[in-house]
Amino acid sequence: RDRDVTGVQTCALPICAYDGTTDANANLFGNGVLTGVNGETVDLSGSGVLNSKHVGTQSFANLGTLALSDGSGAASNYTLVGGIDKVTVTPLAITVSATGQGKTYDGNTTAAVTLSTNGVVPGDTLSFSDGAANFVSPNAGSNVSIAVTGITATGADAGDYSYNNTATTSATINPYV
């Protein structure tokens with residue numbers, strides 16, 4: 001009698017970091033080795049297609065090229081059935097950096113910064129803004145530290161990323177002429 005190996009795996013719920021695709025590689029499931037009846041194993045290879053690319057628990061839209069082959073057990077004793085297993089897609093961790101803009105002394109600590117990041121998946125819609133940026137001192141000087149707080153992301157793919165909500169940078173406060 002054929003056995004369903006979907007749901008019988010060495011890891012309870014495969015986890016992968018967001019990559020902007022719906023691909024689910026066989027290695028997510030116990031490194032491509034599934035445990036079946038009486039501890040025998042079968043190998044899983046190929047890639048399936050998830051219902052969504054976004055962060056969360058995703059089910060399979062289709063099995064794609066996922067296929068079983070013999071391990072310690074015969075693959076012919078098992079079938080692959082979709083819709084039971086799910087993959088948890090976790091946010092992709094990125095770092096938001098700030099670049100300070102110089103200003104002329106005006107007696108306050110308000111600063112202007114530009115936020116940037118590396119690692120955003122090409123084609124994703126995502127932008128960052130800060131809640132506040134302040135020099136640590138209002139006095140003229142070179143490389144005056146700036147504390148940036150309240151960094152937030154907006155856009156259709158903002159929920160697919162984790163990022164820092166503070167940053168530090170520096171800029172020059174020129175003397176008032």
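Since the model is a prediction, treat every value here as computed from it, not as a measurement.
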At what distance, to the nearest 0.5 angstrom, does [atom1] of [X] lie from [atom2] of [Y]?
| X | Y | atom1 | atom2 | value |
| --- | --- | --- | --- | --- |
| Asn25 | Cys16 | CG | SG | 9.5 Å |
| Ile173 | Ser142 | CD1 | OG | 10.0 Å |
| Thr117 | Tyr163 | OG1 | OH | 11.0 Å |
| Thr168 | Ile146 | OG1 | CD1 | 9.5 Å |
| Leu66 | Ser45 | CG | OG | 7.5 Å |

One pair to check against side-chain contact (heavy atoms from CB on, under 4.5 Å): Val89 and Leu50. What are the steps and the verdict? CA-CA 10 Å; Val89 180; Leu50 299 176; 4.2 Å; yes
When you look at Tyr78 and Val37, which way does the side-chain contact (heavy atoms from CB on, under 4.5 Å) test go after all the steps? CA-CA 10 Å; Tyr78 297 89; Val37 175; 3.6 Å; yes
Side-chain heavy atoms of Val120 within contact of Tyr161, under 4.5 Å: yes
Answer whether the closest heavy-atom distance between the side chains of Lys103 and Asn108 falls below 4.5 Å.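 Yes. Closest side-chain heavy atoms under 4.5 Å.
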Classify the ring geometry of Tyr18 against His54: parallel below 30°, tilted from 30° to 60°, perpendicular beyond 60°.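 Correct class here is parallel.
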Between the main-chain N or O of [Y] and the side-chain N or O of [X], is there a donor-acceptor pair closer than 3.5 Å?
| X | Y | result |
| --- | --- | --- |
| Thr22 | Ser52 | no |
| Asn134 | Ala147 | no |
| Thr172 | Asn174 | no |
| Asp160 | Val55 | yes |
| Asn164 | Thr166 | yes |
| Thr104 | Tyr176 | no |
| Asp43 | Ser69 | no |
| Thr41 | Ser72 | yes |
| Ser47 | Asp23 | no |

Would one find more than 12 heavy atoms of other residues, nucleotides or ligands at under 6.0 Å from atom CG of Asn38?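 No.
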Heavy-atom closest pair, residues [X] and [Y]:
| X | Y | value |
| --- | --- | --- |
| Ala171 | Gly100 | CB-C, 3.8 Å |
| Ala98 | Leu115 | CB-CD2, 3.8 Å |
| Ile15 | Thr90 | CG2-CG2, 3.5 Å |
| Tyr105 | Ala140 | CD1-N, 4.2 Å |

Same cluster for Val148 and Leu126 if Ile/Leu/Val/Met/Phe/Trp/Tyr side chains link at under 4.5 Å? yes
Give the cluster check for Val87 versus Val49: same hydrophobic cluster or not, with ILVMFWY residues linked at side-chain heavy-atom distances below 4.5 Å. no
Begin from the C-alpha positions of Ser145 and Ser170 and carry the test side chain to side chain donor-acceptor pair (under 3.5 Å) through to its verdict. CA-CA 4 Å; Ser145 291; Ser170 63; over 6 Å; no
Does Thr149 form a side-chain contact (heavy atoms from CB on, under 4.5 Å) with Asp130? I'd like the steps, not just the answer. CA-CA 6 Å; Thr149 59; Asp130 62 271; over 6 Å; no
Between the side chains of Lys86 and Asn51, does any donor sit under 3.5 Å from an acceptor? no
Are Thr154 and Ser127 linked by a side-chain donor-acceptor pair shorter than 3.5 Å? yes
Please step through side-chain contact (heavy atoms from CB on, under 4.5 Å) for the pair Leu68 and Leu44, ending with a clear verdict. CA-CA 5 Å; Leu68 297 173; Leu44 181 65; 3.9 Å; yes
Any Lys/Arg nitrogen of Asp157 or Lys53 sitting under 4.0 Å from an Asp/Glu carboxylate oxygen of the other? yes
